[in-house]
Amino acid sequence: MSNDISGPSWNLLTIYSRVTDPAVERDFSELTELLNKIADLNKNLDHVNFTLAQEVFVKIENAGELFSNLLTYANCLLSVDSADEDAQQMFGRLQRYRKDIGSASKTLQEFEAFSGEEVLESYLNHESVGQARFSILHRRQLAPQLLSRSEEQLVEGLAQNGLHAWGDLYDRLSGSIECDVLVGNQSQSMGLAQAATQMMDSSDAQRKNAWEAINQSWNVHEEACAAGLNAITGWRLDLCDQRSQNEPVGFLDSAVHMNKISVETLNALLASARKSNALAQRAAKLQARAMGKERLGPWDSRAPAPVLEKHSTKLMAFDQAIELIKDAFSTVDPSMGEFVQMMADESWIEATVSAKKRPGAYCTSFSKSKSPRVYMTYSGSTSDVITLAHELGHALHFWVMRDLPETQRRYGMSLAETASTMGETAVRNELLARASSDLEKLDIMWEELSAFTTFMLNIPTRFEFEKNLYDKRRDRPLSPKELRKLMSDAWLEWYGDSISEPDPMFWASKLHFYISGLSFYNFPYLFGYLFSLGVFSEKSHLGDRFYSQYCELLRDTGRMTAEDLAERHLGFDIQSQSFWDNVIDSIHPRIDEYERLLNSVL
């Protein structure tokens, strides 16, 4: 076992050996040929020719697989080194293909939306198309919002150098910005990802130094960030207006539909979070008390457990983290532990520390080989271990679905967080089981409280800001000063007096606000956190039957709505606020226990 704290680099050689690999050009050529064929077929596709539509469907799916493989490869390279010129050129080249695939798909989507019921059933009576029945019928619900074919193609084409260009600009900025962080008595220059690891330092002063340095760096680029955020939100609002010819289309409609949940479910979820705000603030104040202060600072969101008595805070080497996560996952089912070991053995995890890396963590997958990859910056903190478990949970979700058709693996973001959050829960439970003293238990329960306050306070704060942003952006673009105030108001709305000050630059530093392909990438985390706790609670009831039912639930995430999934596999009614209230109530005793243990040592 290696003694290195930081993790390994991932192996992408099984995908392509390099950007100039002949296999890359072969895939580009095949993709070009497919798109040309689709364009020719689309010329004759009307609302009744279902056999032609079936042929177009198959070719679009094949084109999507090739495009996804190439794009994932370019993104992986740029995540590790945002200055990689070959990868930048490859990524830029793919933007035209993204536009072409989007435009080519519009004709088929028009057929699926407007064909008669009899024609549609004939269309679905095909092996590949029939496998996509749920996703096709789900898309068909958007028929009243569709524009004409030429208008849809125009929107798709203009988005590449409009909407998506702003998202790409943000990605480049975040990968190139450097911060001057005061470490001890010396100023050190580092990238955002590396600076973010300083916000996991045990020293309150060091975390604050890193937070201030990160915000100062974003302050320099606040005009560019404000222009990007205004452009992205303005584009979406204009598109909502254009799609409102038959019925009103709101800025939340797309996010709700994409997540495959109902408005009633979202309202019940948020109402429950609002109802439990006092409990979440109490948890935050307990964290502050453990730190020896009255209120949390915005730099404390990823703080490690405070040292309550004199004992060394140990960092966990990457290999040790893998062993821990493997053991934790194995408590659910041995095959889950075996999966973690396979991810490490195959070098499918990127966990190095580098100034060139982009900040954040994610799980992705390659469509041709059907193999997942996990990306993060690992520096040995307990928070890093939890993040690794979270992303491995995502990877497991993909793995249990890998034999399904691609059309059945496209699940909503809310359900995407189910396996990842359950991975976190399993690891925290394992750490707690290994604790041999009250101090150790407090260290582990700290992570539990951190998760609770993050999901119950920080995530609603993001949602509140984004919702208010859209409301105000309808009138005019917002200045950086106005965005800072809007962000600060959202922090104070949810954190109340549990926070010493808001994070006014969070609107610029948080990547999720700049993802051009989707909006409101916030409430799915709250949904996934609470839903996964509800799922995990069934483990004690189902015993040995739990894992098989859990896998069936995961496999169905891409072929039914969240409401139907919860009802079919668990008998949950997630449109009822009482479901969410009950899940949150189940966490209450853990907060009480943390307070009891804290009282015993302070």
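None of these values were measured; they are calculated from a predicted model. Only this structure's heavy atoms are used, side chains among them; waters, hydrogens and symmetry mates stay out.
- The neighbour count for Asp544 CG, taken as heavy atoms of other residues, nucleotides or ligands under 6.0 Å away, does not exceed 12.
- The environment of Glu25 atom CD is dense: over 12 non-hydrogen atoms of other residues, nucleotides or ligands sit within 6.0 angstrom.
- The one candidate from Phe339, Tyr411, Tyr550 that meets the ring-ring contact (aromatic ring centres under 6.0 Å, His included) condition with His397 is Tyr411.
- Between Phe134 and His138, the ring-plane angle classifies as parallel under the 30° and 60° cut-offs.
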Before you tell me yes or no, could you show the steps for Thr51 and Asn49 under side chain to side chain donor-acceptor pair (under 3.5 Å), namely the whole-Å CA-CA distance, both residues' side-chain angles and the distance that decides it to 0.1 Å? CA-CA 6 Å; Thr51 55; Asn49 194 340; 3.0 Å; yes

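- Remark: the backbone N or O of Ser174 is not paired with any side-chain donor or acceptor of Arg358 at under 3.5 angstrom.
- Remark: aromatic rings of Trp580 and Phe572 are distant, center separation not under 6.0 Å.
- Side chain of Asp333 to main chain of Ser335: a donor-acceptor pair is present (N/O by atom type, distance under 3.5 Å, no hydrogens or angles).
- Between Tyr529 and Phe455, the ring planes lie parallel to each other; the angle is under 30°, not in the 30° to 60° tilted range.
- At least one donor-acceptor pair closer than 3.5 Å links the side chain of Lys357 to the backbone N or O of Thr352.
- By the 4.0 Å N-to-carboxylate-O rule, Glu391 lies too far from Arg373 to be salt-bridged with it.
- Crowding of Glu118 atom CD: a count of heavy atoms from other residues, nucleotides or ligands under 6.0 Å not exceeding 12.
- Each of Trp235, Phe465, Phe251 was scored for a ring-ring contact (aromatic ring centres under 6.0 Å, His included) with Tyr470, with one residue passing: Phe251.
- Ring pair Tyr525/His512 is parallel by interplanar angle, where below 30° counts as parallel and above 60° as perpendicular.
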For residues 60-69, dump all side-chain donor-acceptor pairs below 3.5 Å to protein atoms at least two apart in sequence or in another chain.
residue	atom	partner	partner atom	Å
Glu61	OE1	Arg410	NH2	2.8
Glu61	OE2	Arg410	NH2	3.3
Asn62	ND2	Val58	O	3.4
Asn69	OD1	Ser367	N	3.3
Asn69	OD1	Lys368	N	3.1
Asn69	ND2	Tyr16	OH	3.2

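- Checked against the 6.0 Å centroid criterion, the rings of Phe57 and His126 do not qualify as a close aromatic pair.
- In this structure, the side chain of Gln88 engages the main chain of Ser82 through a donor-acceptor pair within 3.5 Å.
- The distance between the ring centers of Tyr170 and Phe513 does not fall below 6.0 angstrom.
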